[in-house]
Amino acid sequence: MNKRYDVIIRNGFLVCPDGVKKADVAVCDEKIVEIATEISGSAKTIIDAAGKHVFSGVTDGHVHFNDPGRTEWETITTGSSALAAGGGIAYFDMPLNCSPCTLDAKNFKAKLAVAQKDSLIDYGFWGGFTPKNLENFEELAECGVIGFKAFSCFSGIDEFERADDYTALVGMEKLAKLGLPLMVHCENAEMTRDLTSLALANNKTTVRDYFAARPPITEIENVSRMISFAEETGCKLIIAHISTAKAVELVTQARSRGVDVCCETIGHYLILTDDDVERLGTVAKCSPPIRDTQNQVKMWAKLLNDEIAFISSDHSPCDPKLKDGEFLKVWGGISACQTTLPAMLTHAYHARKVSLEGIARLTSQNVNEIFRIQGKGKIAVGYDGDFALVDLDKKFTLQAEDLFYKHKVSPYVGDSFCGTVTQTILRGTTVFKDGKIVSKPIGKHLRPNL
Ligand SMILES: NC(=O)NC(NC(N)=O)C(=O)[O-]
Ligand SMILES: [Zn+2]
Ligand SMILES: [Zn+2]
């Protein structure tokens with residue numbers, strides 16, 4: 001019998017959870033329906049992936065697309081396009097720096113309306129966790145947030161208040177009941193605030209002064225504090241953008257005694273060092289700051305030892321005018337969502353022999369499992385037909401004009417990568433191909449399957 005499919009991707013190397021296999025994959029009604037050495041049927045669309053590796057597309061668990069409200073920084077249109085150009089098929093957008101922040105159902109719905117209209121790829125939303133909206137957690141859960149996000153230190157946005165210890169404790173008790181995870185930006189509030197004020201009072205505003213105002217202990221202390229709260233309340237905890245190997249160690253120890261905690265890291269903590277930030281300037285300013293080489297070597301060891309759950313971009317762009325000035329004073333946030341997969345292929349696969357299925361777990365499978373997004377995150381029958389086609393050995397030098405960001409800036413401009421995304425397919429539809437966005441917005445809202 002000659003079956004007819006919507007899409008067949010032929011002759012590629014499929015990066016499946018149990019390894020890489022040369023096989024065909026067929027999609028019907030947006031879902032993977034068959035994987036076989038050779039699929040004999042016909043299809044409306046046949047994609048020849050000879051010589052390419054086929055990954056399950058990237059799900060970026062941590063982006064700030066700033067829409068609605070700060071669309072002069074980024075938009076859902078530009079952000080989702082950039083992510084797709086890097087092999088992305090879905091993202092979870094943070095409750096800041098959009099305006100209003102996502103602190104209640106009304107503001108959630110306002111953002112949802114923008115995404116329904118403009119998002120090229122699938123999306124989930126984080127709800128905000130602040131002292132001002134504890135009573136709105138239930139309504140946000142009903143809206144379908146994938147989890148909640150808190151800051152231990154100043155968030156950079158006045159309307160998004162930091163979670164003091166009382167809020168962290170009471171909020172975690174609520175989330176434990178709701179069955180939703182909390183992600184915390186872990187830097188000790190008092191230490192970062194007072195070290196920063198002291199630096200400013202003494203006119204110490206260089207890049208090195210910035211590092212000194214946010215030393216590793218600020219993260220380490222706060223990670224251990226948040227773990228204690230999670231252990232006590234039973235709330236599922238995710239440490240945001242972990243930057244120090246010592247903090248990863250704390251997470252691993254807590255996991256081994258049964259605490260439901262894991263950590264996310266970001267490409268730039270694995271790729272850049274403090275010296276790179278000094279060379280690059282404010283384009284590479286983020287918090288927590290990028291650490292030294294010694295720490296970075298240990299971070300790679302942690303990653304190779306499976307102690308890091310997933311890798312996101314923490315894409316947090318701004319109007320470039322806000323990056324113009326003294327290092328300590330300018331906006332902190334790095335634009336990076338377009339380059340996570342090529343960066344991992346370059347620095348993890350080619351340079352450090354991390355397996356391709358390991359990269360697929362870190363950029364797609366684990367994040368979908370942790371947030372219980374059904375039917376996404378791997379190449380398997382029954383899962384969505386989401387793919388990133390990659391030429392593993394094709395090198396490129398990142399040019400500003402390659403970026404789909406609203407502002408064409410990135411610390412990686414001028415860097416060479418080995419591993420090029422040639423095509424991104426969302427639920428069977430090609431959204432990006434050979435350097436161009438080729439689809440209208442078709443993103444759908446993703447909710448956790450609780
Ligand atoms: N308000 C922000 O976008 N902050 C972000 N900024 C960084 N990482 O520098 C973050 O994730 O903390
Ligand atoms: Zn953060
Ligand atoms: Zn962030």
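Remember, it's 1-based here, ligands and their atoms both numbered in the order they're listed.
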The OD1(D314)-the Zn ion (ligand 3)-NE2(H62) angle, to 10°, is 90°
request  = Flag the pair K106 and E139 as a salt bridge only when some basic side-chain nitrogen lies within less than 4.0 angstrom of an acidic carboxylate oxygen.
outcome  = no
Numbered in order shown, the ligand 1 atoms found under 4.0 Å of a heavy atom of D314 are 7 (C), 8 (N), 10 (C), 11 (O)
Per residue H64, nearest N, O or S atom to the Zn ion (ligand 3) is named NE2
### Query
If you measure from the Lys or Arg side-chain nitrogens to the Asp or Glu carboxylate oxygens, is any gap between K246 and E307 under 4.0 Å?
no
Note: ligand 1 atoms sitting under 4.0 Å from heavy atoms of S316 are 2 (C), 3 (O), 5 (C)
Assign the ring pair F148 / F129 to parallel, tilted or perpendicular, where the plane angle (0 to 90°) is split at 30° and 60°. perpendicular
Under 4.0 Å from one or more heavy atoms of L96, ligand 1 contributes atoms 1 (N)
- Do T78 and T75 have a side chain donor and acceptor closer than 3.5 Å? yes
Short version for H241: what comes under 4.0 Å of ligand 1, heavy atoms counted, is side chain
Note: ligand 1 atoms sitting under 4.0 Å from heavy atoms of N97 are 1 (N), 2 (C), 3 (O)
The atoms of ligand 1 lying under 4.0 Å from a heavy atom of S155, numbered in the order shown, are 1 (N)
Requested in this report: For S155 and F151, indicate whether the former's side chain and the latter's backbone hold a donor-acceptor pair under 3.5 Å.
Outcome: no
Between E187 and the options R193, R225, R214, the salt bridge (charged side-chain N to carboxylate O under 4.0 Å, His left out) test singles out R214
* So is C286 in contact with ligand 1, going by heavy-atom distances below 4.0 Å? -> yes
Could you check whether any side-chain N or O of D386 sits under 3.5 Å from a backbone N or O of R427, counting only pairs where one atom can act as donor and the other as acceptor? yes
To the Zn ion (ligand 2), the closest N, O or S atom belonging to H185 is ND1
- Is there a heavy atom of F151 sitting under 4.0 angstrom from any atom of ligand 1? yes
Under 3.5 Å, side chain of E264 to main-chain N/O of H241, donor-acceptor pair present? yes
So the atoms of ligand 1 within less than 4.0 Å of a heavy atom of G332 turn out to be 6 (N), 7 (C), 9 (O)
Does any donor atom in the side chain of H315 or Q338 lie under 3.5 Å from an acceptor atom in the other side chain? no
*Report yes or no: does W331 have a heavy atom closer than 4.0 Å to ligand 1?*
yes
Side chain of N295, backbone of R291: donor and acceptor closer than 3.5 Å? no
Examine the side chains of T205 and E326 and answer whether a donor and an acceptor come within less than 3.5 Å of each other. yes
For H62, the atoms of ligand 1 under 4.0 Å from one of its heavy atoms are 11 (O)
Here the atoms of ligand 1 under 4.0 Å from any heavy atom belonging to H64 are 2 (C), 3 (O), 5 (C), 10 (C), 11 (O)
shortest atom 9 (O) of ligand 1-to-protein heavy-atom contact is with S287 N, 2.8 Å
of all protein heavy atoms, closest to atom 12 (O) of ligand 1 is H185 ND1, 2.9 Å
